[in-house]
Amino acid sequence: MDPWKEDLLQTFQSIECERQVLAMASEMARKLEFDYCAYGLRMPLPLVRPKTVLFSNYPAVWQARYQAQEYQAIDPTVRHAMRSPSPVVWSDDLFAPARELWEEARSFGLQAGLAHTCRDASGMGGMLTLARAGETVTTAEWQAKACHILWLVQVVHLGMIRVIAPKLQPEITVQLSRREVEVLRWAGEGKTSGEIANILNITERTVNFHISKAMAKLNAVNKTAAVLQAAMLGLLS
């Protein structure tokens with residue numbers, strides 16, 4: 001590993017709160033010639049309205065405006081992050097479907113920028129945005145800074161997950177036993193408790209015991225929810 005990568009990773013691993021992660025990310029952003037930095041984290045659960053958080057050093061007035069107008073629902077960078085792992089550079093074409101958002105952002109000094117996503121095995125998705133007042137990010141600039149930006153995205157994501165994810169979704173710290181994983185996998189295939197018992201050569205009562213234990217660990221209301229939650233959290237892989 002390159003020394004600068006190792007140093008950056010160690011720095012973020014030593015951080016103890018989300019404010020420190022943002023402060024370090026903002027410092028790195030300035031070194032990359034960006035005035036602002038924002039990071040959004042989307043949890044895998046609940047499915048209908050997943051928990052999301054946003055941290056940024058954007059102007060406070062703009063942060064309040066963005067939230068009040070619920071711009072996250074129409075933000076093209078957020079929509080892109082939901083569909084693609086590739087980076088996206090801000091442009092008039094990108095923000096064409098959300099012209100009001102684009103014009104307001106520019107009025108607050110957010111005139112140029114880029115966003116990059118990161119997703120891990122537990123289903124948590126993050127997006128790091130770097131922005132500035134000034135010139136558009138060119139292809140040449142992106143190519144020159146891509147290595148540093150891609151690594152920054154990874155370490156910020158890891159740092160934020162470590163300090164904030166357990167608070168938002170305690171289920172991510174759950175550890176299922178080997179047998180609990182087995183019975184949930186078969187349940188996910190549509191097998192009944194009796195069928196699972198025959199497959200694993202155990203009693204149906206034992207199958208139900210392991211399902212109940214997994215449900216309790218995941219705080220799931222029923223077997224189906226337990227299977228779904230475990231799968232979304234990457235516990236069945």
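Quick caveat: nothing in here was measured; it's all calculated off a predicted structure.
A donor-acceptor contact shorter than 3.5 Å links the side chain of R185 to the backbone of L236. Side-chain N or O atoms of R162 include one that pairs as donor or acceptor with a backbone N or O of I15 at under 3.5 Å. In this structure a side-chain-to-backbone donor-acceptor pair under 3.5 Å is present from Q229 to L218. Judged by distance alone, the side chain of K145 and the main-chain N or O of L32 form a donor-acceptor pair under 3.5 Å. A donor-acceptor pair is defined here as one N or O able to donate and one able to accept, closer than 3.5 Å; such a pair exists between the side chain of H80 and the backbone of S86. The closest donor-acceptor contact from the side chain of R132 to the backbone of G113 lies at 3.5 Å or more, if one exists at all. A donor-acceptor pair under 3.5 Å links the side-chain atoms of S212 to the main chain of N208, judged by distance alone. In terms of modelled atom types and a separation under 3.5 Å, the side chain of S26 and the main chain of L22 share a donor-acceptor contact. Looking at Q63, its side chain does come within 3.5 Å of a backbone N or O of Y58 through a donor-acceptor pair. Remark: side-chain polar atoms of Q111 are paired, donor with acceptor, to backbone N or O of G134 under 3.5 angstrom.
We find the NE2-CD distance between H157 and Q154 to be 7.5 Å, quoted to the nearest 0.5 Å. From R79, atom CZ reaches atom CD of Q72 across 11.5 Å, with rounding to the nearest 0.5 Å. Atom OG of S193 sits about 14.0 Å away from atom CH2 of W186, to the nearest 0.5 Å. Here CG of N57 is found 12.0 Å from CD of E27. Values are rounded to the nearest 0.5 Å. Rounding to the nearest 0.5 Å gives a distance of 5.5 Å between CG of D92 and CZ of R99. For the atom pair NZ (K213) and CE (M215), the distance works out to 13.0 Å, reported to the nearest 0.5 Å.
Linking Ile, Leu, Val, Met, Phe, Trp and Tyr residues whenever their side-chain heavy atoms come within less than 4.5 Å leaves V78 and M160 in two separate clusters. In the hydrophobic clustering of this structure, W142 does not group with L110; members are Ile, Leu, Val, Met, Phe, Trp, Tyr whose side-chain heavy atoms approach within less than 4.5 Å, directly or through other members. At a threshold of 4.5 Å between side-chain heavy atoms, the hydrophobic network of Ile, Leu, Val, Met, Phe, Trp and Tyr places L41 and V156 in one connected group. Residues V153 and M127 do not share a hydrophobic cluster, clusters being chains of Ile/Leu/Val/Met/Phe/Trp/Tyr side chains in contact below 4.5 Å.
If you check the side chains of D93 and S91, you find no donor sitting under 3.5 Å from an acceptor.
When side chains are defined from C-beta on, F108 does not count as touching Y66, because their heavy atoms never get closer than 4.5 Å. A 4.5 Å side-chain heavy-atom check between L128 and C37 finds at least one atom pair inside the cut-off. Using a 4.5 Å heavy-atom threshold, the side chains of F55 and I164 count as touching.
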Verdict with reasoning, R42 to M82, per side chain to side chain contact (heavy atoms under 4.5 Å, CB included): CA-CA 10 Å; R42 180 186 177 95; M82 297 296 294; 3.5 Å; yes

Step-by-step side chain to side chain contact (heavy atoms under 4.5 Å, CB included) determination, F209 to T203: CA-CA 10 Å; F209 169 78; T203 67; over 6 Å; no

Test log, rule salt bridge (charged side-chain N to carboxylate O under 4.0 Å, His left out), inputs E104 and R65: CA-CA 9 Å; E104 282 204 66; R65 178 67 176 173; 2.8 Å; yes

From CA spacing to verdict: side chain to side chain contact (heavy atoms under 4.5 Å, CB included), T129, Y39: CA-CA 6 Å; T129 301; Y39 174 81; over 6 Å; no

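Atom CZ of R106 has more than 12 heavy atoms from other residues, nucleotides or ligands within 6.0 Å. Other residues, nucleotides and ligands contribute only 12 or fewer heavy atoms inside 6.0 Å of the CD atom of Q67.
Screening T206, V183, L184, I202 against I196 for a side chain to side chain contact (heavy atoms under 4.5 Å, CB included) leaves a single residue, V183.
For the pair E182 and R179, the salt-bridge criterion is met [side-chain N within less than 4.0 Å of a carboxylate O].
Ring-plane geometry between W90 and F95 is classed as perpendicular, the angle between the planes exceeding 60 degrees on a 0 to 90 degree scale with a lower cut at 30.
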